[in-house]
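Here is how names work: the chains are called A, B, and so on, in the same order as the sequence lines, proteins then strands, and each is numbered from 1. Since this is a predicted model, take the numbers as computed values, not measurements.
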Amino acid sequence: MALDEQIYELRREKLKQIEALGQATYPSKYEFTHTIPQILAEFLPKTAEELEASRVNVRVAGRIMAIRLMGKAGFAHLQQDGQRLQIYVKKDAVGDQGFDLYKLLDLGDHIGVNGYLFRTRTGELSVHVEAITFLAKDLLPLPEKWHGLTDVELRYRQRYVDLVMNPAVREVFVKRTRLVQSLRRYLDGQGFLEVETPMMHAIAGGAVARPFVTHHNTLDMDLFLRIAPELYLKRLTVGGFDRVYEINRNFRNEGLGWRWNPEFTMLEAYQAYTDYLGIMNTTQGAIEQAVLDVTGGMKTKWGDEELDWSHDNWRRMTMREAILHFWPDAAGAKPEITDFAAHEPVKALVARVRGAGVHLKYDAAEPVGKTVANLFEAVAEEHLLQPTIIYEFPTAISPLSKQKPDEPDWTERWEIYAGKMEIANGFSELNDPEDQRSRFEGQLKERERGDDEAHQMDEDYIRALSYGMPPAGGVGVGVDRLAMLLTDSHTIRDVILFPLLRAEKPGPPEPTNP
RNA sequence: GGGCGCGUAGCUCAAUUGGCAGAGCAACUGACUCUUAAUCAGUAGGUUGUAGGUUCGAUUCCUACCGCGCUCACCA
């Protein structure tokens, strides 16, 4: 029998003994007067004399994270909401039965205690326990108390243990929640309406990505998990919701990596009667507020670097300017802004960049705009540490964006970069149904050329636009990546509670409860 | 998919050139009525990821497989 199974059986035996002491083994509830954080906040400032002068009785619950037995007395630390409070259990105070119960407790058990607050000889705020109520047993041994749980796979697979053992992990997810709350509050305050649109799409649209496929039996139809809510949200602007947003999951059937999880959380917002600049300001405002709400300041740690999110530190430059600005010295003289218009000069730029040792994919048959975007990623993205807005994207890779009136090869589209990651993408929404149809047709050509991620035709979406969509700016914000930036987490799996893992291989049979 | 690395007790980690598989925590027994990495005495816990190979002898070297991590590619 493996050791953990031995412990499991042993602790089940202890449960029976606890029951024999008259305690319910899995009681339904526990009435408490304080949480541990409340006690710490209110009484940590009090001196031993103050606590003695006016006795403070408390009933408090928690999980045992440390326990020390010394003959006829003992100490333990209870943990609740990531914080710990010491309890002092003396046989004289809890009686024989109470102390028998105490001796049957293990690390990880949940208990409730009532008693009064005092300070120990060494000054630690503690509960002088008068009665213990057993609440639930931990049948499996917790990880080691010094080093905790560090095995990366185990941390993700058994996040519940990770959260018990690693307060810093808990803190990350608390901050993630604060982030989402802040974003909602900001948009709600600007008159945006939060909505829910379908997760299952007949046509996977609104982004360029490979979808997951599923099937509905009764209707006998294949459906795609959504890769973006975009086209549904814009249908709502047609329907008269002038400011809408949705915060929810998208699914993309692509590789995993430090910035990619197959399901991820996106905030998408649409604002009627404004353009890409309007939604850019809305987005920047929301992010600045979120940084303040989550971290309490405008500067955040990012590895060895510091990100400064204060308004004046944000840079704005066009994609073409960014390529010039970050042009590698080894690739020779900087290009001219006019070099990005045609295949030949762009091809020459690709050759020069490759000659400088920069990895860059190139397909002579792809639209020139796509090559320029790749060029941008190759030379500029790695430099975009501080918050930076890159704007004016090639039309070829922006099938849902409005073109610039004076330069139809370029669109009114931007992306926010920070920490060398793209965290948001917004544009003036294309609302001309004829233009949209020809853009989709262009994408279909790309699909024929072999790009199986090119956007599909969506006739109903064209029909919706044909009823008239107001001018609007729209944006998508990668909530997970923003959470990474605000918590100094360098892999997306550290900000997703249960990231996608390979299915656990069936191990030896678990201890069974007959 | 390519490259690099890792896999030893429940957890965190050792093991010299290929030579008896170890420690701390957790667990068990006992002592201890202000401890806090409690202490003290004792006990138990291992198919060294799996399967082969080389060798007198393999945790150690080789091969394959499985799993995990990092990285590159893919993912606008």
* Mind calculating the distance between CH2 (A:Trp414) and P (B:A76) to the nearest angstrom? => 18 Å
* **Backbone N/O of A:Leu500 and side chain of A:Tyr156: donor-acceptor pair under 3.5 Å** => no
* Structure fact -> Taken to the nearest whole Å, CG/A:Leu154 to C1'/B:G7 is 12 Å
* Under 4.5 Å between any side-chain heavy atoms of A:Asp363 and A:Lys370, yes or no? -> no
* Paired stems touching RNA chain B, three or more consecutive Watson-Crick or G-U pairs with both distances under 3.5 Å? -> B:1-7 with B:66-72, B:10-13 with B:22-25, B:27-31 with B:39-43, B:49-53 with B:61-65
* For atom CG of A:Leu107 and atom P of B:U35, their distance in whole Å -> 20 Å
* When all nucleic acid strands are considered with a 4.0 Å heavy-atom cut-off, which category describes A:Glu422: base, sugar-phosphate, or nothing? -> nothing
* Tell me which nucleotide among B:A26, B:U35, B:C68 gets nearest to the side chain of A:Arg68. => B:U35
* To do: Please measure how far the C1' atom in B:G24 lies from the corresponding atom in B:C62, and state the result in whole Å.
  => 34 Å
* Which of these nucleotides, B:U33, B:C28, B:G10, is closest to any side-chain atom of A:Met70? -> B:U33
* Between A:Gly257 and A:Arg493, name the one whose nearest nucleotide on RNA chain B is closer to the 5' end. => A:Arg493
* Cation-pi geometry met for A:Arg55 and A:Tyr116 (6.0 Å, 45°) -> yes
* Whole-angstrom distance between B:A9 and B:U59, as gauged at atom C1' -> 14 Å
* To do: Could you check A:Phe224, A:Phe212, A:Tyr232 and say which one makes a ring pair (Phe, Tyr, Trp, His ring centres under 6.0 Å) with A:His201?
  => A:Tyr232
* Provide, to the nearest angstrom, the distance between the CG atom belonging to A:Asp109 and the C1' atom belonging to B:A27. => 14 Å
* To do: Sticking with atom P, work out how far B:U8 lies from B:A15, rounded to a whole angstrom.
  => 14 Å
* Take A:Glu124 and A:Glu377, find for each the nucleotide of RNA chain B with the closest heavy atom, and name the residue whose nucleotide sits nearer the 5' end. => A:Glu124
* **B:C61 to B:G19 separation - C1' atoms, rounded to the nearest Å** => 15 Å
* **Distance, P atom - from B:A58 to B:G53, rounded to whole angstrom** => 12 Å
* Asked: So which nucleotide from B:U35, B:A37, B:A27 ends up closest to the side chain of A:Trp146?
  -> B:A37
* Rounded to the nearest angstrom, tell me the gap between atom CG in A:Asp151 and atom P in B:G67. => 16 Å
* Asked: Base, sugar-phosphate alone, or nothing: which one does A:Leu69 contact when heavy atoms must sit under 4.0 Å apart?
  -> base
* If you measure from the P atom in B:G22 to the same atom in B:A44, how many Å do you get, rounded? -> 13 Å
* Of the listed nucleotides B:U12, B:C28, B:C74, the one nearest the side chain of A:Leu149 -> B:U12
* Among the nucleotides B:G67, B:A76, B:A27, which one has an atom lying closest to any side-chain atom of A:Glu153? -> B:G67
* Asked: B:U12 P sits how many Å from A:Asn166 CG, rounded?
  -> 10 Å
* Structure fact -> Per atom distances to the A:Asp92 side chain, the nearest of B:U33, B:A27, B:U12 is B:U33
* To do: Mind checking A:Phe118 for me? I need base, sugar-phosphate or nothing, with any heavy atom below 4.0 Å counting as a touch.
  => base
* Asked: So, does A:Arg159 use its side chain to make a donor-acceptor pair with the main chain of A:Leu497 at under 3.5 Å?
  -> yes
* To do: Kindly point out which of B:A76, B:U35, B:C68 is positioned nearest to the side chain of A:Thr120?
  => B:U35
* Structure fact -> Closest non-hydrogen contact found for A:Phe326 with A:Ala380 is CD1-CB, 3.7 Å
* Asked: Is the shortest heavy-atom distance from the side chain of A:Leu69 to the side chain of A:Phe99 under 4.5 Å?
  -> yes
* **Test item: A:Trp260 and A:Ile492 side chains (from C-beta on) under 4.5 Å apart, heavy atoms** => no
* Are the side chains of A:Glu13 and A:Lys16 in touch, meaning some heavy atoms are under 4.5 Å apart? -> yes
* Asked: Taking the side chain of A:Ile7 as heavy atoms from C-beta outward, which of B:U33, B:A27, B:U12 is closest to it?
  -> B:A27
* A:His77 near the nucleic acid: base, sugar-phosphate alone, or nothing, with a heavy-atom cut-off under 4.0 Å? -> base
* To do: Indicate, with a heavy-atom threshold strictly under 4.0 Å, whether A:Lys91 touches base, sugar-phosphate, or nothing.
  => nothing
* Pairwise P distance, B:G5 and B:A64 [rounded to whole Å] -> 14 Å
* Expected output: side-chain A:His455 to main-chain A:Arg447 donor-acceptor under 3.5 Å -> no
* Structure fact -> Of the candidates B:U35, B:U33, B:G24, the side chain of A:Lys72 sits closest to B:U33
* Any N/O donor-acceptor pair, A:Arg413 side-chain to B:A76 base, under 3.5 Å -> yes
* Asked: With a 4.0 Å cut-off on heavy atoms, is A:Gly148 in touch with a base, just the backbone sugar-phosphate, or nothing at all?
  -> sugar-phosphate
* Report the distance from atom CZ of A:Arg259 to atom P of B:C74, rounded to the nearest whole Å. => 11 Å
* Asked: To the nearest Å, how far apart are A:Lys14 NZ and B:A27 P?
  -> 7 Å
* **Distance between C1' atoms of B:C56 and B:C20 (Å, rounded)** => 16 Å
* **Among B:C34, B:U12, B:C74, the nucleotide that comes nearest once only the side chain of A:Lys361 is considered** => B:C74
